[in-house]
Amino acid sequence: MKQLIRKITCFVLAFTMIVSLSGCTALKEMLAETTEREYAGEYKPEWGSESEETRRTKETKETDETEETEGTSGTTQPDGPDDGKYIKTSKELTYPDHVASYDEVHPKHAPGNLKNEEAAQRLKEVESTILKEYVSCYVDADILFQDPEKVGITGIDATKAWGSVITTKDKYPEKKAFYEKQRDLLLEIDYETLSNDDRICYDKMLYDIEENIYCYSFTAFEYYTMIFNSLVGPQCEVLFILDVFTFENIKDAENYILVLKDIDRYYDEMCEYEEIRAKYGFASSPQSYEDAAVSFDNLVEQKDDCFLYQTFEERLDKIPGLSSADRARLIKENEDAMKNVVFPEFEECAKRMRALKSAGGRDAGLSEYRGGDAYLAVLSRLQTNSSATVEESIRTLESEIDRLERERKELRSRISEWRSEYSSHKYSKGDVNKNLDYLRNAVKKDFPNIPSHQYYLMEVPKALEDNFSPAAFLGFHLDNFDSNMIIVNNKNVDKDFGVTVAHEGYPGHMFQSLYTRANTKHVYMYVSGSTGYKEGWAVYCENYSMRYFSGNGMSDAAKYAKNENDIMILLETRVDYGIHAEGWTIEDCVSYMNSHGLLVTKSSLKRIYTLLVCDPCYYVKYGMGYVWTSKVMDNMRNQYPNASDKQIHTAYLNGLTGTFSQIEANMKKTLK
């Protein structure tokens, strides 16, 4: 599925929130100064010292734009049922008739009969099968793994470098049957005979498989949201993804050029998806299509002076024994692919998005679509790693907001004691390097050891700043600790930049990624999507790190800064649910935010509102992920009052990337 089973390349990018309410020459800056830094971690697992990656060949291009594929174009009106309650959508699709309960999706199972070694082997076989399903194209395999074959990723079809974007409705029964088979194989295992690491992986895989079975029961789930969201769509990250590829030999460089050429087919397929959505009655607003088109215009402007030309040559320099003739040939082939395939395709995408402005659509919350409430329930579970219903999440969220507002009122009652410290606070040590250097040492007393590793720094060019998050962590070659990238948007560097770096680096995304990879033998645990876990941890770490910069620990001034941060993200999360569960308009959202002391207008909220309408649960993964993470931490501190923060954090991370209930159960085993 397009949104629920996302492209694996999206899983490795972890972004800071977009929280603001309010030319390609520059692109050369982005990686011309890329820095490689190595830090002495506490240990180095044996597999963590592998050298550079292996590549595979690839063929591409095959799409004929004149062919009529399923719903490729046209303005056929949807012919689905219309009872006046929902936006009219196609009756060719299947829709749930109710919101499934947690027990319907995740029923209880009797124990299986396979024990001990047989049980462990079966788990390994299912994990391998699922990984091959998830990592099924060249781009995913090459980005995720330095050596895909060592983790069992073999036999990848080289004809489509980027794989496929969506699952057409005729393929849904096949996909559902695939996951039902994997579930049945898992259920033959006697869970109690597995090791702890195996149990954690079993729990996570079974949970994900059962979600997939449910999702592949309704073809409408494919079409509720647009791909080319102008703020978080794949066009916003494609250049960063392309720069991750490294060259060990000539074949690597040749395969990279095939990856460039396949952008034509891949982005055509995404355009066709948007056109199918419109045909089926899910069209977005003219403004959203125009915004998407502008994001492609910004890419097209870089055609003659893109940083990827320069970094391609720099990567060629690392190929041993490369002849001058081959170097010249590859440079020419790369330039031809960029100028004659990649940028023309982006130009075509802009035109096709503008053509959809006449489809008569509008940006609508999920509650306005038939089956949208069931889809929201799925998204909420997947994005928050929690079994809580949407209604339960909203109640928890509102309770937390009330608590935070009482805390804020109490802190303000003695503002004279901390006003000066707060007004002059600066939670940063300078640039990204200085903050990372500082945090790497500061967190050691409160967090466990991580392996030695390297990271790379990248600056977002000015031309892309408006369509990129404040910062992002990109973990690639997950079988190698030395492949970590932190991307910084200088437009968003402010006096509290240190906590942003904490979110992305130490002890946030990069720290958690390294720790998880070092503490499980199961690749599935760090390849599968666990968004609420990852973002909940990163927001928790962002706030926890304020004590390292305040110079006074968690003083009242620091507590107030944390309180402000917490309230903002939770209010935005409540707006997210309001739009999609209760049909809130932008006026409703403005009224809600202002009722909680913010001074926002329709104009100042428009960007966030559009983002949330087009990308349901965008803030939910941050806000509810953070709420559940904090509740787990608080529960453990209350139950184990003698445990240090380092012990609590270690136990949490040892629970790995499962649901929060799974994590808490595993923490108790460690802390008892």
Worksheet, complete the sentence: Heavy atoms of T193 and A119 approach each other most closely as OG1-CB, 3.8 Å
Item to complete: Could you tell me whether the side chains of Y202 and H522 share a donor-acceptor contact shorter than 3.5 Å?
Response: no
Fill in: Trace of the salt bridge (charged side-chain N to carboxylate O under 4.0 Å, His left out) decision for E210 with R183
CA-CA 7 Å; E210 289 176 336; R183 174 202 61 194; 5.8 Å; no
Worksheet item: What do the steps show when you test Y273 against Y267 for ring-ring contact (aromatic ring centres under 6.0 Å, His included), and what is the final call?
Response: CA-CA 10 Å; Y273 165 81; Y267 275 75; over 10 Å; no
Discussion item. Would you say NZ of K669 has more than 12 non-hydrogen atoms from neighbouring residues, nucleotides or ligands within 6.0 angstrom?
Written reply: yes
Discussion item. Determine whether F221 and T167 satisfy the following criterion, side chain to side chain contact (heavy atoms under 4.5 Å, CB included), listing intermediate values before the conclusion.
Written reply: CA-CA 11 Å; F221 282 178; T167 303; over 6 Å; no
Worksheet item: W537 vs Y652 aromatic rings, parallel, tilted or perpendicular, using cut-offs 30° and 60°?
Response: parallel
Fill in: No-hydrogen, no-angle side-chain donor-acceptor test under 3.5 Å, D482 and H477
no
Worksheet item: Mind checking whether N490 and E459 have side chains closer than 4.5 Å, heavy atoms only?
Response: yes
Item to complete: Please lay out, stage by stage, how Q146 and D479 fare under the test side-chain hydrogen bond (donor to acceptor under 3.5 Å, both in side chains).
Response: CA-CA 6 Å; Q146 180 175 290; D479 51 349; 5.6 Å; no
Item to complete: Show your reasoning for whether side-chain hydrogen bond (donor to acceptor under 3.5 Å, both in side chains) applies to T659 and K204.
Response: CA-CA 7 Å; T659 66; K204 173 64 174 163; over 6 Å; no
Practice prompt. Would you confirm whether the ring centroid of H649 sits within less than 6.0 angstrom of the ring centroid of Y540?
Written response: yes
Item to complete: Output the distance between atom CD1 (I130) and atom CG (D208), rounded to the nearest 0.5 Å.
Response: 9.0 Å
Practice prompt. Report yes if some heavy atom in the side chain of M510 is under 4.5 Å from a heavy atom in the side chain of Y455; otherwise report no.
Written response: yes
Worksheet entry | Residues that D645 engages under salt bridge (charged side-chain N to carboxylate O under 4.0 Å, His left out), provided they are two or more places apart | R637
Worksheet entry | Minimal non-hydrogen separation, R265 against G163, with atom names | NH2-O, 2.8 Å
Fill in: Ring geometry between Y179 and Y216 (parallel below 30°, tilted from 30 to 60°, perpendicular above 60°)
parallel
Worksheet item: So, do F240 and F307 have ring centers that fall under 6.0 Å from each other?
Response: no
Fill in: Y526 vs S513 side-chain heavy atoms within contact, under 4.5 Å
no
Worksheet item: Between N543 and Y626, does any side-chain donor sit less than 3.5 Å from a side-chain acceptor?
Response: yes
Item to complete: Say whether N484 and Q454, considering side chains only, have a donor N or O and an acceptor N or O under 3.5 Å apart.
Response: no
Discussion item. Could you check whether any side-chain N or O of Q647 sits under 3.5 Å from a backbone N or O of L671, counting only pairs where one atom can act as donor and the other as acceptor?
Written reply: no
Item to complete: Could you tell me whether a side-chain N or O of E237 sits under 3.5 Å from a main-chain N or O of V232, the two making a donor and an acceptor?
Response: no
Worksheet item: Do Q121 and E117 have side-chain atoms, one donor and one acceptor, less than 3.5 Å apart?
Response: no
Worksheet entry | K646 side, atom NZ; N449 side, atom CG - distance, nearest 0.5 Å | 5.5 Å
Discussion item. If we ignore hydrogens and angles and just use 3.5 Å, is the side chain of R440 paired with the main-chain N or O of L436 as donor and acceptor?
Written reply: no
Item to complete: Indicate yes or no: does D203 engage R199 in a salt bridge with an N to O separation below 4.0 Å.
Response: no
Item to complete: Report yes or no: do E542 and H503 form a side-chain donor-acceptor pair below 3.5 Å?
Response: yes
Worksheet item: Between F312 and I257, which heavy-atom pair has the shortest distance, and what is it?
Response: CZ-CD1, 4.3 Å
Worksheet item: Going through the distances and angles, do T657 and T520 end up as a side chain to side chain contact (heavy atoms under 4.5 Å, CB included)?
Response: CA-CA 10 Å; T657 56; T520 180; over 6 Å; no
Discussion item. Can you classify the ring geometry of H509 versus F473 as parallel (below 30°), tilted (30 to 60°) or perpendicular (above 60°)?
Written reply: parallel
Fill in: Heavy-atom closest contact (M205 atom, L123 atom, distance)
CE-CD1, 3.4 Å
Discussion item. Test side chain to side chain contact (heavy atoms under 4.5 Å, CB included) on V259 and L242; report intermediate values, then the result.
Written reply: CA-CA 9 Å; V259 167; L242 288 171; 4.0 Å; yes
Discussion item. Counting neighbours of CD on E118 that are heavy atoms of other residues, nucleotides or ligands and sit closer than 6.0 Å, is the number greater than 12?
Written reply: no
Item to complete: Could you tell me whether the side chain of E248 reaches within less than 4.5 Å of the side chain of I319, counting heavy atoms only?
Response: no
Worksheet item: Do we see a donor-acceptor contact under 3.5 Å between the side chains of T670 and N654?
Response: no
Discussion item. For E127 and K124: C-alpha separation, side-chain torsions, deciding distance, then whether salt bridge (charged side-chain N to carboxylate O under 4.0 Å, His left out) applies.
Written reply: CA-CA 5 Å; E127 180 182 13; K124 182 178 180 181; over 6 Å; no
Worksheet item: Is the closest side-chain donor-acceptor distance between K132 and T154 under 3.5 Å?
Response: no
Discussion item. Any carboxylate oxygen within less than 4.0 angstrom of a Lys/Arg side-chain nitrogen, looking at R122 and E188?
Written reply: yes
Fill in: Side-chain touch I648/M667, heavy atoms, less than 4.5 angstrom
yes
Worksheet item: What's the verdict on salt bridge (charged side-chain N to carboxylate O under 4.0 Å, His left out) for K429 and D437, showing C-alpha distance, side-chain angles and the deciding distance?
Response: CA-CA 9 Å; K429 296 295 182 181; D437 286 345; over 6 Å; no
Practice prompt. Just say parallel, tilted or perpendicular for the rings of W162 and Y266, cut-offs at 30° and 60°.
Written response: parallel
Fill in: Test item: side-chain donor near acceptor, Q512 and T516, under 3.5 Å
yes
Discussion item. Would you say that N334 contacts Y256 through its side chain, given a criterion of any heavy-atom pair below 4.5 Å between the two side chains?
Written reply: yes
Worksheet item: For residues D262 and Y138, is any side-chain donor paired with an opposing acceptor at under 3.5 Å?
Response: no
Worksheet item: Do D446 and Y548 have a side chain donor and acceptor closer than 3.5 Å?
Response: yes
Worksheet item: Can you check whether Q302 reaches V342 side chain to side chain, under 4.5 Å on heavy atoms?
Response: no
Worksheet, complete the sentence: Between C541 and A502 the two heavy atoms that sit nearest each other are O-CB, 4.3 Å
Fill in: Minimum side-chain heavy-atom gap T225-C614 below 4.5 Å
no
Fill in: Shortest non-hydrogen separation from K445 to A442 and the atoms involved
NZ-O, 3.4 Å
Fill in: Audit row: K175, E133, salt bridge (charged side-chain N to carboxylate O under 4.0 Å, His left out) steps and yes/no
CA-CA 10 Å; K175 289 288 189 181; E133 175 73 7; 2.4 Å; yes
